Amino acid sequence: MTDPVLVTPAGPRRWDVLGVGDVDMDMFLEVPTLAGRDEKVPARLLGEHPGGMIANVTCAASALGASTAMVGRVGDDAYGKAAIEGLREFGVDASPVRVIEGGRTFYCVIMLDSSGEKALTAVMTDCHWPLREDVEPDLFQESRVVHIGGDYLELSTWIAQEAQSRGALVSLDLEASTAVHGLAALDPLLAATDILFLNHAGQQLFDSDPARAASAAHERGPSVVAVTRGARGALTSAAGSLVQVDAITGPVADTTGAGDCFIGAFLTRLLEGDDLGYATRFAACAASVSIRTIGSRTSLPDHDTVVGLMDGASVVQQPQGA
């Protein structure tokens, strides 16, 4: 093992990863093809499963051996009860999730075609993301990493800065809903971010080339950058080193949550002190298992399952800019 990528907080902390963000339910529909504009397609209900981008990360990390907790906001409806139970099923500490009397839990409608690719509609409710009063900043000093999204920019920036001031590392998932704010508005959040995850939309905010995008992101604060590229694999960058890994081939039933599983696995290995190449390969293998069944968590792997796949995952590692 080479030198670890991250310098983690000193002293014992209650959790490895504390997620702050969405806890929801997902409704899955099977369709012959994803509907276009002014087009109607028949659908078959495949099931309802707990989800949420940030909640999925905590569950994936927990399944792989990390201690995790979740700060969120759900209603006292049936979906809220199921969403909390979905966290507890994976050993995630759900005690910081606030249950709103009379609230309606956020949910998504996910349409899957025969390839496993998806179209997702998020149904916004009064219980989508925690409000500032739902977040207790003292929890941040009990976690090694605080993982967030950037949908609500002012809130996310406040969380990142509060977590950083309490000695926690900050991990940010920057998707299309965050990228719409633009780089100038995102600068304070990026400056308080240690580990940055970019999907295609997030990458485009910096550069169309993933390696150049990672380099540009580093200039704004994060010391570790990961670009998830779906069927084209992933690219990660840290400490002047660049790692590329191809997607792991295998059965695909549903790609929902694959990026979340990658994040949870990647964080878990970085916190264990692994080098960038190993952490990236491990995360890619974990994500390849997560897409084998319907639902973002129904096939989350354990540590031994991922290790068993790693011989088939090769990485290319080179100096940044080479």
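Quick note: residue numbers are just sequence positions, from 1. These values consider heavy atoms only, across backbone and side chains, with no hydrogens, waters or symmetry-generated copies. Values in this document were obtained by computation on a predicted structure and should not be read as measured data.
- Arg281 contributes a side-chain N or O that, together with a main-chain N or O of Met310, makes up a donor-acceptor pair within less than 3.5 Å.
- Taking the side chain as every heavy atom from C-beta outward, Leu300 and Phe90 approach each other to under 4.5 Å.
- Asn56 CG to Asp22 CG: the interatomic distance, rounded to the nearest 0.5 Å, is 8.0 Å.
- Here the shortest heavy-atom pairing between Ala201 and Ala179 reads O-CB, 4.1 Å.
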query = Between Ser296 and Asp26, is a side chain to side chain contact (heavy atoms under 4.5 Å, CB included) present by the stated rule, with each step listed?
reply = CA-CA 9 Å; Ser296 57; Asp26 295 333; 4.1 Å; yes
key: From CA spacing to verdict: side chain to side chain donor-acceptor pair (under 3.5 Å), Ser290, Ser299   = CA-CA 5 Å; Ser290 74; Ser299 57; 5.8 Å; no
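- Ala247 and Gly230 get closest at one heavy-atom pair: CB-O, 3.8 Å.
- Once rounded to the nearest 0.5 Å, the distance linking CD1 of Ile294 with NE2 of His49 reads 7.5 Å.
- Counting only heavy atoms from C-beta outward, the side chains of Val97 and Arg73 never approach each other to under 4.5 Å.
- Remark: of the listed residues Leu87, Asp260, Leu64, Thr68, Leu87 is the sole one forming a side-chain contact (heavy atoms from CB on, under 4.5 Å) with Cys59.
- Ser165 places a side-chain N or O within donor-acceptor distance of the main-chain N or O of Glu162, the cut-off being under 3.5 Å.
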ask   = Passes side chain to side chain contact (heavy atoms under 4.5 Å, CB included), Thr8 versus Leu169? Steps please.
value = CA-CA 7 Å; Thr8 57; Leu169 296 170; 4.3 Å; yes
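- The nearest pair of heavy atoms linking Ala238 to Leu276 is N-CD2, 3.7 Å.
- Classified by interplanar angle (parallel below 30°, tilted 30° to 60°, perpendicular above 60°), the ring pair Trp129/Tyr152 is tilted.
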key: Stepwise side chain to side chain donor-acceptor pair (under 3.5 Å) test for Thr293 and Thr298   = CA-CA 6 Å; Thr293 57; Thr298 51; 2.6 Å; yes
query = Stepwise, does the side chain to side chain contact (heavy atoms under 4.5 Å, CB included) test hold for Asp254 with Ile291?
reply = CA-CA 5 Å; Asp254 173 20; Ile291 60 178; 6.0 Å; no
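- Contact record, Ala83 with Val74: CB-CG1, 4.5 Å, taken as the closest heavy-atom pair.
- If you take CD on Glu136 and CD on Glu133, they are separated by 12.5 Å, rounding to the nearest 0.5 Å.
- Each of Leu112 and Val289 belongs to its own hydrophobic cluster when Ile, Leu, Val, Met, Phe, Trp and Tyr are linked at side-chain heavy-atom distances under 4.5 angstrom.
- Residue pairs meeting the side-chain hydrogen bond (donor to acceptor under 3.5 Å, both in side chains) criterion with at least one partner in residues 179-198, sequence neighbours excluded, are Asp187-Arg220.
- Side-chain atoms of Gln164 never come within 3.5 Å of backbone atoms of Gln161 as a donor-acceptor pair (strictly under, hydrogens ignored).
- Two residues are said to be in side-chain contact when any heavy atoms from C-beta on lie closer than 4.5 Å; Asp113 and Thr33 fail this criterion.
- By the side chain to side chain contact (heavy atoms under 4.5 Å, CB included) test, Glu85 is found to be paired with Arg88, residues two or more places apart in sequence or in another chain being considered.
- Here the CG atom belonging to Leu267 is positioned 11.0 Å from the OG1 atom belonging to Thr58, to the nearest 0.5 angstrom.
- Taking the six-membered ring where the residue is Trp, Phe282 and His303 present tilted rings, their angle falling between 30° and 60°.
- If you take SG on Cys285 and CD1 on Ile248, they are separated by 4.0 Å, rounding to the nearest 0.5 Å.
- Here the side chains of Leu205 and Leu174 are in contact, with some heavy-atom distance below 4.5 Å.
- Side chain of Ser177 to main chain of Asp151: no donor-acceptor pair is present (N/O by atom type, distance under 3.5 Å, no hydrogens or angles).
- Considering SG of Cys108 and CG of Asp24, their distance stands at 4.5 Å, rounded to 0.5 Å.
- Salt bridge absent: Arg13 and Glu142 never bring a charged side-chain N and a carboxylate O closer than 4.0 Å.
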message = Working note: Arg14 + Asp93, criterion salt bridge (Lys or Arg N to Asp or Glu O under 4.0 Å); need CA distance, chi angles, decisive distance, verdict.
response = CA-CA 11 Å; Arg14 185 176 177 186; Asp93 186 345; 3.4 Å; yes
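- Taking hydrophobic clusters as Ile, Leu, Val, Met, Phe, Trp and Tyr residues chained together by side-chain heavy-atom distances below 4.5 Å, Met53 does not share a cluster with Leu153.
- At a threshold of 4.5 Å between side-chain heavy atoms, the hydrophobic network of Ile, Leu, Val, Met, Phe, Trp and Tyr places Trp158 and Leu18 in one connected group.
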request  = Decide yes or no on ring-ring contact (aromatic ring centres under 6.0 Å, His included) for Phe106 and Tyr79, but give the supporting numbers first.
outcome  = CA-CA 8 Å; Phe106 168 60; Tyr79 271 3; over 10 Å; no
message = Show, in sequence, the C-alpha distance, side-chain angles and deciding distance for Leu183 and Phe206, and conclude whether the side chain to side chain contact (heavy atoms under 4.5 Å, CB included) test is met.
response = CA-CA 8 Å; Leu183 273 177; Phe206 297 94; 3.5 Å; yes
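- Side-chain heavy atoms closer than 4.5 Å link hydrophobic residues (I, L, V, M, F, W, Y) into clusters, and following such links, even through other members, never connects Val135 to Ile100.
- For the pair Asp275/Tyr278, a side-chain contact is recorded, criterion being any heavy-atom separation below 4.5 Å from C-beta on.
- Applying the salt bridge (Lys or Arg N to Asp or Glu O under 4.0 Å) test to Asp16 and every residue at least two apart in sequence or in another chain returns Arg144.
- Residue Glu154 qualifies as open at atom CD: its count of foreign heavy atoms under 6.0 Å is 12 or below.
- Taking hydrophobic clusters as Ile, Leu, Val, Met, Phe, Trp and Tyr residues chained together by side-chain heavy-atom distances below 4.5 Å, Val109 does not share a cluster with Met124.
- The two residues Pro222 and Ala217 come nearest to each other via the heavy atoms CD-O, 3.2 Å.
- Nearest heavy atoms, Phe28 versus Thr256: CE2-OG1, 3.7 Å.
- Look at Arg166 and Asp138 and you find a salt bridge, because one of the NZ, NE, NH1 or NH2 atoms lies within 4.0 Å of a carboxylate O, short of that distance.
- Among Leu46, Leu29, Thr255, Leu120, the single residue meeting the side-chain contact (heavy atoms from CB on, under 4.5 Å) criterion with Ile110 is Leu120.
- Thr178 has its side chain within reach of Leu186: a pair of non-hydrogen atoms, C-beta onward, lies under 4.5 Å apart.
- Two residues are said to be in side-chain contact when any heavy atoms from C-beta on lie closer than 4.5 Å; Pro32 and Pro42 meet this criterion.
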inquiry  = As a quick check of understanding, evaluate side chain to side chain donor-acceptor pair (under 3.5 Å) for Thr228 and Asn199, giving each step before the final call.
reply    = CA-CA 5 Å; Thr228 54; Asn199 66 1; over 6 Å; no
task = May I have the step-by-step check of side chain to side chain donor-acceptor pair (under 3.5 Å) for Ser223 and His218, ending in yes or no?
result = CA-CA 6 Å; Ser223 58; His218 283 307; over 6 Å; no
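- The side-chain heavy atoms of Val225 and Thr236, taken from C-beta on, include no pair separated by under 4.5 Å.
- With a 6.0 Å radius and a threshold of 12 heavy atoms from other residues, nucleotides or ligands, Arg229 has its CZ atom above the threshold.
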